[in-house]
Every structure is written in structure tokens, then in C-alpha cells.
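Notes to accompany the following structure.
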Amino acid sequence: MEIIAVVPAASSNRYSSKGDLVEWGHTTLLEWKLYQLKSVQSLQKIIVSTSSKEVARRATDAGVEVMIRNENLSLAEIFSSAAEQVPLESHILWANPTSPFVGAKVFSALIEDYRSAGCPVDGEVTARSNREYTYFNGIPLGFSASDPALSRVHLEPLQTLTNGAYLSSASEIVKNRRAFGKSPRFFEVDWLAALEIRDAMQMNLFSSLLASYFESEP
């Protein structure tokens, strides 16, 4: 089974004018993600999908392939256009630079779980279980409002998808025009791997967590 990692990257986005080229330690978020992926032995290829010449240059310098895309593509179009350019029988691991604590260990475990599950048609996504008193439009989710003494440990867990990684077949992505199907398999990650950079303030806070990451990711 061929698994291709695709890294969607940009030179500017909502959290930084430098986008995925923003500094991360002694490197950038993009190059950090490529470093993490290169340690995943079950990957056959790594591709950076971008509309930025500078991102493309950095990716080429890092020794990975580049897939140039139109800068006006929607998120769904980014997924489907990339899937159309790889063998339809292959599987795509989407790896986002804004989740810097999803490393080789998580990627490898996700791929192994995906294979063991028979390559779910709707794909597999990184997720984090949430046991909190959650309401949607006034309706309690996973618990009964008539039982106020119910402990959180007895609540039905709600799954929160993280932006760390998605894994699905290229053929299904082309068919559905999305990175994964309606009922994906959930791959549980810890709190650190679930963190995603959403703004510049988080970028500064997350930098201080690098030491914790290196303790758990050899």
C-alpha cells in the first residue's frame, strides 16, 4: 500500500504574515513538519502543495517534491486537486504545519492503526476525546440534564477533530471532494499533539512547550 504525505503550505495565513514559513526554534514550521515526516518509514513520498514560490523553494531545498496549486483554491479544492495528481490507488496522509507537535511517532501509529482497521473508506483522523458538559442549541450532548450529580468521568466522550493529520484513499478524496468521509475513524492523540497554532499569541506560548515535546518524541 503506497502512502503519500501531502503538506498544504502557504507563505501567509491567519496567524502570521509569514504563514508556514514563520520561525519555529532554529527552523520554520514548514521545514519542521518535513523533518518530522522524513522520520516516518512507512511513507513512500512527501509532497508540499503550495501556491508560494518561496515555500516551493524551501521544500525543494529540503529534498521533497512540490505540487504547485492555484492560490485561489478553496480548502476542498486543495484536497481534491492534490488527490487527482497522485495514483488513485494510493493513500494520502495530510500533515498540517500548524500542528507542530504531531511528529513521527503519531504519524507512524496513525498509519499502523489505519492499516489494521482495513483502510476505512471514510478515512481516519486525529482526534481528542472530550468529557465535558456540552450543549448544542440548548440540548445536552452525551448526558442527561436531569442528572445534575453526574460526574464528568461518566459522561459519554465527544470526539473533537484536530488539524494534525488525516489519512484517506486518493480515490475517495477525488470522489467526495474532501479530505475524509462523513464517518471517519478517530485516532486518539494526547493534549500536546492536539494543539494547533491559531494566532501569533499561541505561537509564542507553544514555543515554550518544545522541551515537553522532545521528552515524548525521540
State whether a side-chain donor-acceptor pair under 3.5 Å links Glu172 with Ser169.
no

Looking at CG of Leu73 and OG of Ser49, how far apart are the two atoms once the value is rounded to the nearest 0.5 Å?
8.0 Å

Quick one: which of Val40, Leu43, Thr126, Leu167 gives a side chain to side chain contact (heavy atoms under 4.5 Å, CB included) with Phe107?
Val40

Nearest heavy atoms of Ile92 and Ala83, plus distance in Å
CD1-CA, 3.7 Å

Lys18 with Glu23: basic N within carboxylate O range, under 4.0 Å
yes

Would you say Ser129 and Glu188 are linked by a side-chain donor-acceptor pair, where the criterion is simply a distance under 3.5 Å?
yes

Within the distance-only criterion (no hydrogens, no angle test), does the side chain of Asn130 pair as donor or acceptor with the backbone N or O of Thr160 below 3.5 angstrom?
no

Determine the interplanar angle of the Tyr166 and Phe79 rings, folded into 0 to 90°, and report it as parallel if under 30°, tilted if 30 to 60°, perpendicular if over 60°.
perpendicular

Residues two or more places apart in sequence or in another chain: which of them pass salt bridge (charged side-chain N to carboxylate O under 4.0 Å, His left out) with Arg177?
Glu84

Test item: Ser99 side-chain N/O and Val102 main-chain N/O as donor-acceptor pair under 3.5 Å:
no

Between Tyr114 and His91 the two heavy atoms that sit nearest each other are OH-ND1, 2.8 Å

From Asp20 CG over to Thr50 OG1, what is the distance, rounded to the nearest 0.5 angstrom?
8.0 Å

Report the C-alpha separation of Trp191 and Arg128 in whole Å, then their side-chain angles, then the decisive distance to 0.1 Å, and conclude whether the side-chain contact (heavy atoms from CB on, under 4.5 Å) test is met.
CA-CA 7 Å; Trp191 71 274; Arg128 182 77 174 150; 3.6 Å; yes

